[in-house]
Asks: 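What follows is a structure written as structure tokens; I'll ask about it next.
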Amino acid sequence: MRGAAPVNAPGARRRVAVLGATGAVGQAFVRLLAGHPWFELAELAASGRSAGRAYLEATRWIGDAPPAEVAGMTVLPADPEAVSADILFSALDASVAGEIEIAFASAGRMVLSNARNHRLDDDVPLVIPEVNPDHLALLDVQRERRGWPAGGGIVTNANCAAIVAVMALAPLHQRFGLRQLFIATMQAVSGAGYPGVASLDILGNVIPFIDGEEPKIERETAKLLGTLDGGRVVPAPIGISVHANRVPVEHGHTICISVGLERRASAADALDALREWRGAEAARGLPSAPSLPLRVSDEPDRPQPRRDVWSEGGMQVVIGRVRNDPVLDLRLVAMGHNVVRGAAGASVLNAELLMAHHAQRLARP
């Protein structure tokens with residue numbers, strides 16, 4: 001833990017599994033869960049072509065060698081009959097994630113998903129712990145509507161770019177209200193998975209298209225900043241326009257945002273709001289939570305992925321160039337690690353939030 005007073009560990013470590021463990025995000029889950037104080041990484045699961053093989057043999061590992069305790073583990077099929085853990089972290093590809101995640105949830109397992117399939121379902125929480133932890137209440141609605149047993153459910157984290165943007169925007173929305181957003185992303189190649197974008201397409205180039213990315217950011221931002229109203233989230237009534245670009249950067253999505261506010265504010269007012277923000281109290285002290293969710297840089301040429309992407313272990317969003325905007329009200333630049341804060345780390349933090357404050361929703365009969 002890197003800052004605020006840590007939350008007491010909620011009893012014995014819980015056995016967890018990673019679904020889609022051989023891919024890039026699955027590998028990030030493995031790194032983050034190895035030696036975790038609250039979770040025991042007990043099982044790894046993947047597609048049929050990997051099942052039955054040793055994890056190191058089945059995985060084209062990116063970066064340093066995998067943790068020794070998992071290298072020899074046998075990869076299981078991603079099936080509730082084969083995987084026994086109660087808490088599942090899903091790094092499954094969207095082409096297969098939807099049905100598999102429902103199969104686990106309907107069998108009484110809690111799925112923390114990085115896949116896009118269920119993010120916009122009315123009864124599925126789309127959560128950033130520092131921003132909207134109250135949306136976890138949708139789990140009760142989800143179980144009642146779908147007839148799932150106690151302990152079963154799906155909780156999603158948002159698109160990697162949406163998480164970075166919303167972390168920067170939440171303090172402004174809470175203090176001044178948001179009316180309009182113009183967002184342009186410069187997204188790292190690791191956001192495309194492995195092997196990702198062909199080198200001759202991305203080196204020395206910018207690709208001004210990422211399939212499906214712009215509507216995802218627009219819709220998920222509105223849901224994340226929305227209001228819980230009974231059995232659903234009412235999206236925030238914000239006009240949002242997004243341009244998504246792939247750039248030759250390994251890790252770290254950089255996002256330029258122009259903001260129209262409900263209540264006028266100067267750049268100095270916005271800086272005060274950003275520097276003072278600590279996020280929701282429920283997220284403070286969780287093992288993966290950064291000591292400060294946001295870091296505001298005063299340097300005129302920051303944030304930069306090369307220099308800032310690993311801030312607080314990749315879990316902090318770095319903000320810079322906060323200034324007045326001649327068309328709207330404000331403009332700023334936000335940057336965060338797309339694989340850690342924007343994917344695997346986001347799901348792990350969601351699971352910690354459940355463990356610390358909603359243990360009853362994880363209890364199986």
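FYI, the numbering just counts along the sequence from 1.
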Asks: Assess whether side chain to side chain donor-acceptor pair (under 3.5 Å) is satisfied between Gln174 and Trp277, documenting all intermediate values.
Replies: CA-CA 10 Å; Gln174 291 167 9; Trp277 193 68; 3.0 Å; yes

Asks: Would you please test Asp308 and Ser311 for side chain to side chain donor-acceptor pair (under 3.5 Å) and show each step?
Replies: CA-CA 5 Å; Asp308 300 308; Ser311 184; over 6 Å; no

Asks: Find out if a path of hydrophobic residues (ILVMFWY) with successive side-chain heavy-atom gaps under 4.5 Å connects Ile217 to Ile210.
Replies: no

Asks: If the threshold is 4.0 Å, N to carboxylate O, is there a salt bridge linking Lys216 and Glu213?
Replies: yes

Asks: Is any NZ, NE, NH1 or NH2 atom of the basic residue among Glu276 and Arg175 found under 4.0 Å from an Asp or Glu carboxylate oxygen of the other?
Replies: yes

Asks: In terms of side-chain geometry, is the basic nitrogen of Arg119 or Glu220 positioned less than 4.0 Å from the acidic oxygen of its partner?
Replies: yes

Asks: One thing to verify: whether Asp298 and Arg275 come together as a salt bridge, which I'm taking to mean a side-chain N less than 4.0 angstrom from a carboxylate O.
Replies: yes

Asks: Take the angle between the ring planes of Trp310 and His251 and call it parallel below 30°, perpendicular above 60°, tilted in between.
Replies: perpendicular

Asks: Would you sort out whether His36 and Glu352 count as a side chain to side chain donor-acceptor pair (under 3.5 Å), showing the intermediate values?
Replies: CA-CA 10 Å; His36 191 283; Glu352 293 168 359; 2.6 Å; yes

Asks: When rounded to the nearest 0.5 angstrom, what distance separates OG1 in Thr22 from CH2 in Trp61?
Replies: 10.5 Å

Asks: With heavy-atom distances below 4.5 Å as the criterion, would you say the side chains of Leu139 and Val155 are in contact?
Replies: yes

Asks: Decide if atom CZ of Arg263 counts as having more than 12 heavy atoms of other residues, nucleotides or ligands within a radius under 6.0 Å.
Replies: yes

Asks: So with a 6.0 Å cut-off around CD of Glu69, is the heavy-atom count from everything else above 12?
Replies: yes

Asks: Can we say Arg179 and Asp329 salt-bridge, meaning some charged N sits less than 4.0 Å from an Asp/Glu carboxylate O?
Replies: yes

Asks: List the atom of Ala244, the atom of Glu214, and the distance in Å for their closest heavy-atom pair.
Replies: N-OE2, 3.0 Å

Asks: Check this for me: does any side-chain nitrogen of one of Asp123 and Arg146 sit under 4.0 Å from a carboxylate oxygen of the other?
Replies: yes

Asks: Passes side chain to side chain donor-acceptor pair (under 3.5 Å), Asn338 versus Ser190? Steps please.
Replies: CA-CA 8 Å; Asn338 50 292; Ser190 58; 2.9 Å; yes

Asks: Quiz question: by atom type and distance under 3.5 Å, do the side chains of His118 and Thr156 form a donor-acceptor pair?
Replies: no

